[in-house]
Amino acid sequence: MKRKLIIIISAFMAIFTASADEGMWLPSLISQRIADMQEKGFRLSAEDIYSVNQASLKDAVVLFGRGCTGELISPEGLLLTNHHCGYGQIQKHSSVEHDYLKDGFWAMSRAEELPNPGLSVSFLERMEDVTDIILKGYEPGMSEDQRVEIVRNNSNALIDEVTKEGKGLRATVEALYYGNQYFLFLYRQYEDVRLVGAPPSSIGKFGGDTDNWMWPRHTGDFSMFRIYADKDNNPAPYSEDNVPYRPKKYFRISTKGVQEGDFTFIYGFPGSTKEYIHSEGVRYIEEIGDPHKINLRTLRLDIMNKYQAQSQKVRIQYSSKNANVSNAWKKWQGEVKGIKKMKTVQTKQEFEKAFDRWAQGGEFAGVTDKIAGIYKELEPYQFATDYYSETVRTVEIANFAMSIARLFVQEDSTMTFDSAKAAALAEAFYKDWYLPIDKESFVAVMNEYDKNVPADFKPEYYKEKLASYGSIDAWAENIFTNSIFTDQSKVVALTAEDKDMVTADPATEFFNEFLKWYYADILPVTTRLNQELQLAYRDYMRGQMVYCRTQRIPKAFYPDANLTLRVAYGHIKGYSPADGVYYTPSSTIKGIMEKDNPDIFDYNIPQRLRDIYATKDYGRWADASGEVPVCFIATNHTTGGNSGSPVINADGDLIGLNFDRVWEGTMSDIVFDPEICRNIALDVRYVLFTIDKIGEADYLFEEMTFTE
Ligand code: ARG
Ligand code: GLU
C-alpha cells in the first residue's frame, strides 16, 4: 500500500513541479520540491531546511502552546511569536493595576521575565515514514474497527520505544492522506517559557477584530518569550535555577526589506485543512454548518461587546474570550463567501462526475456515491453536534460546575474532594467571569437551539426541563439565581459531603445531562460514520491521485494540515479582491496614522507612536520611502496554527512573522485560489522598531544576529 502511494506521489512531483504556490509540504520530503523552490529564488538546500545529521532551520522553529508557531532568534533561547498567541499569558499577568494588555510589558532584565505555568514549546527532533510499522498485522479485508485497533497498538508501542530515552521527549503518529501513510513525529518539549515582552494591544492588536482577517493591515502582532532549560540544556519544569536554552539553530534577522516578487518561505505548524473532500462535505459547510455557527456567535459577540464597552474591568475579563469567539466567526464568513465565489460545490461535483466515469468497473468505482451516502446519514448528527458545541458547551457557569463536580472521587467507600484544586479553579474562573454576559448568552443561544434543532435530536431532559420552566428565560433565571456556582465563597467552602448537592445543582445538571445524551445518542453514531467516511476517503484520496496522474490533470497533492511541521513557499504579491480594486503587498506606519482614532477602541494608538510619527523619529527602521514598514502579504499557503511562523527569505533569514490570511482567501482550507489567497505577515522591521522605540528594550538586540 505504501509503495503504491509513493509511486503515485513521485510521479506527481515529476509532472507538476512548477505548479502554483498552493501546498503545505513535509520538511523531510522537501528534496522533492527543492528544485522548484530554487527555481523560484530560494538559495539554500533541502538539508538546510530539514536534517537529522546537522543543525537545520527546523531546529529554530517550535510548536508554541497548543496551536501556534514560534521561532528562535537568539543563541539564548529568545523566541518570537504573535501577540495573539501569547495573548492568554499576557492576559493572565494582567489586572486593572498592571494592565499589560493595555500598556504592554517589557522585561528589562532576565529577572523580570514572567513564568507561565502550563505553557510549553516543542521542537521537532525528527519525522519519518512509519507506514509499514503502523500497519503491521493489518490485512486487507479486516474491519475498520480492527484497523483502528491495530494502528493504535502499533502507534503506542512505537511511541513508547522512541520516547524512552531523553528528557522531555514526546511523540505522535499521524495519519496522512486519510491513513494511506503514517508518519512518526518525535518532539522535545520545554516547559519553562517566560514572557519577555509584548507591545501594548493598541499596537499588538491594532485594528482588533475590525481588521482581523483583513488587508490592508497594520497590526504589530508579536510577543517575545524565552525558553529556559536545566544546566544541561534539557527540558525541566520551572525553576529559578534554570538557564536560557541554547538552541541548535536560530534565525538571523534580515532588515534589508522586502519587495513584490521576493521569494518567501513559511515554516510552521498549520492545524487543519480539508483540501480533498467531496462536494457534499463542502455543501454542508457552506449552506448549513458555517451559517448556523456564525449566527450563534453573532448573538454571543453582541452581548459581550455591549458589556465590555460599559466597563474597563469586563473589557479585560472578556478580551481573550471575545477574541477567540470572534476569530472563527469572521473566518467562517469569509470562507462561505470564498466557496460561493469559486463555485466549489459545483466544481467538485463536475470533478466527481468525471472521476466516476473514469473509475467505472475499477478499484475506485462507487467511492464517491458511498461518501455522499455517508454524508447524508451524518448530516443531522453533525448538525446536532454543531449546535451542542456552540450552545450548551459555551455556557461558562455550566462548564465550570462540571469541572468542580469532577473533583469528587469515590475511593473505596469514601468520597474525596480536592478542595485545593477547586479553590484554584475557582480563582481562575471568577477572575474572568461576568454573570450578566453568561446569562444573556445562555438565553440567546438556547432560544436558537430550541428553534432550530429538530425534536428527535434534543435530549428528553431538555424537553422536560423546558416544559417545567415554561421558557428559556425562566430556566436561565433558575440556573443563575439558584446555582451555588454563582458564588465563589460557596465553591471554596465545598467538602466531600457536598457531592450530591453539586450533582443536583442546576448548572451541573444542565451540563451533565446534555453530556450524557451526547455520549449516548450522538457520539457513537458520528464516530461510526466518521470511521466509514475515513475508510471511503482513504480510497477516494488514492483514487484522486491516480485519476489526476493518468488523466494528466494538474493538481498538487500534499497531505492535509494536521498540526505537523510544514513548509509553504511562495512570493510577495498583491491581489485584486474585487473588480476595480487592487491591493499592493505592503503597508507602512502611514496607514496606522490614517486609521488612528482616539474615539475608536480598536484604532486608538499610543500617544508615543503619534509623537514618533510627527517627528519622524524612526531611528534605523525607515524603509527607502522614509516610512516604517508594518505588514506584507504573500502567496504562501497557510492556515490556523501558522500564526507566529517565521517568514523566511531566499537566504533563510527572518523577514517577518506570519499572523493571518486575507478574508477573501480564507476558503484556502478547502480550496486554494492563487489569485486571491494571501497570508499576512508582520514585517520584522516593525517588530524591531516597536522593541526599540515603544518598549525601549533595545538591549534585546545585543543577542540577535542581523544580516546587514
Ligand atoms: N485571524 C488570526 C488567526 O486566525 C488572528 C487572530 C487574533 N484574534 C483575534 N480575534 N483578533 O488566528
Ligand atoms: N491567525 C491564525 C493562527 O492563529 C493564522 C492565520 C490563518 O488561519 O491563516 O494560526
Side-chain angles (χ1 to χ4, degrees), residues 21-22 24 61-71 80-91 101 198-199 201-215 217-223 264 266-275 297 300-301 304-305 308 315 318-335 338 560-566 568 570 601-603 631 633-647 656-670 672-673 676-682:
D21 297 325
E22 173 174 5
M24 303 171 171
V61 182
V62 294
L63 177 66
F64 181 91
R66 265 176 232 127
C68 276
T69 305
E71 56 276 1
L80 263 183
T81 186
N82 290 147
H83 186 261
H84 79 261
C85 295
Y87 204 68
Q89 281 74 34
I90 306 166
Q91 196 251 2
L101 282 179
S201 296
S202 51
I203 288 180
K205 207 183 173 213
F206 179 76
D209 288 299
T210 318
D211 281 11
N212 190 23
W213 298 110
M214 308 279 250
W215 184 255
R217 189 65 158 280
H218 301 88
T219 312
D221 197 344
F222 80 95
S223 59
T264 54
I266 296 216
Y267 213 168
F269 289 87
S272 140
T273 58
K274 306 181 180 72
E275 309 288 348
R297 289 198 175 198
R300 287 165 65 208
L301 286 165
M304 276 189 241
N305 291 337
Q308 283 182 277
R315 185 184 65 71
Y318 277 74
S319 55
S320 192
K321 294 174 189 174
N322 187 317
N324 285 336
V325 176
S326 161
N327 195 40
W329 167 79
K330 192 156 177 189
K331 188 208 139 177
W332 291 327
Q333 296 175 54
E335 184 172 80
D560 269 318
N562 56 0
L563 210 63
T564 61
L565 191 61
R566 302 297 176 92
F601 183 80
D602 284 346
Y603 297 117
C631 294
I633 51 175
T635 60
N636 305 70
H637 190 182
T638 54
T639 187
N642 270 124
S643 274
S645 297
V647 187
L657 260 85
N658 188 70
F659 71 96
D660 214 354
R661 267 175 294 168
V662 302
W663 200 59
E664 301 85 357
T666 44
M667 71 296 190
S668 65
D669 293 349
I670 293 164
F672 187 90
D673 179 357
I676 299 283
C677 294
R678 297 290 178 269
N679 63 304
I680 306 180
L682 173 60

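Counting starts at 1 for both ligands and their atoms, in listed order. Owing to the predicted nature of the structure, the values given are computational and were not obtained by experimental measurement. Just so you know, residue 1 is the first one in the sequence shown, and it goes up from there.
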Q) Tell me, which protein residue and heavy-atom name are nearest atom 6 (C) of ligand 2, and how many Å apart are they? A) Asp660 CA, 3.5 Å
Q: List for me each residue that meets side chain to side chain donor-acceptor pair (under 3.5 Å) alongside Thr638, sequence neighbours excluded, and say none if there are none.
A: none
Q. If you take all heavy atoms of Thr639 and Pro270, which pair is closest and at what distance?
A. CG2-CB, 3.5 Å
Q | Between Thr273 and Asp669, a side-chain donor and acceptor under 3.5 Å | A | no
Q. Below 3.5 angstrom, do we get any N/O pair linking Trp213 and ligand 2?
A. no
(Q) Can you check which of Thr639, Asn212, Asn324 brings a heavy atom nearest to atom 1 (N) of ligand 1? (A) Asn212
Q. Is Asp221 close to ligand 1, meaning an N/O of one under 3.5 Å from an N/O of the other?
A. no
(Q) Please give me the minimum heavy-atom distance between His84 and Asp221, naming the atom from each residue. (A) ND1-OD2, 2.7 Å
(Q) Taking 4.0 Å as the limit for heavy-atom contacts, which would you say applies to Lys331 with ligand 2: side chain only, backbone only, both, or neither? (A) neither
Q: Answer yes or no: does an N/O atom from Ser643 fall short of 3.5 Å to an N/O atom of ligand 2?
A: yes
Q) So is Phe659 polar-close to ligand 2, meaning N/O to N/O under 3.5 Å? A) yes
(Q) Below a 4.0 angstrom heavy-atom separation, can you tell me which part of Phe269, side chain or backbone, both or neither, approaches ligand 2? (A) neither
(Q) Checking a contact table here: which protein heavy atom is nearest atom 9 (O) of ligand 2, and how many Å away? (A) Arg661 NE, 2.5 Å
**Q.** Shortest protein heavy-atom distance from atom 10 (O) of ligand 2, along with the residue and atom involved
**A.** Gly641 N, 2.5 Å
Q) Do ligand 1 and Ala323 have nitrogen or oxygen atoms that lie under 3.5 Å from each other? A) yes
(Q) Please report whether ligand 2 has a polar contact with Gly67, defined as an N or O pair separated by less than 3.5 Å (distance criterion only). (A) no
(Q) Regarding Lys330 and Asp209, does a basic nitrogen lie under 4.0 Å from an acidic carboxylate oxygen? (A) no
(Q) Below the 3.5 angstrom mark, is there an N/O of Asp660, backbone or side chain, next to an N/O of ligand 1? (A) yes
Q.
Suppose I only count heavy atoms of Asn642 and a 4.0 Å limit; which atoms of ligand 2 are within that range?
A. 10 (O)
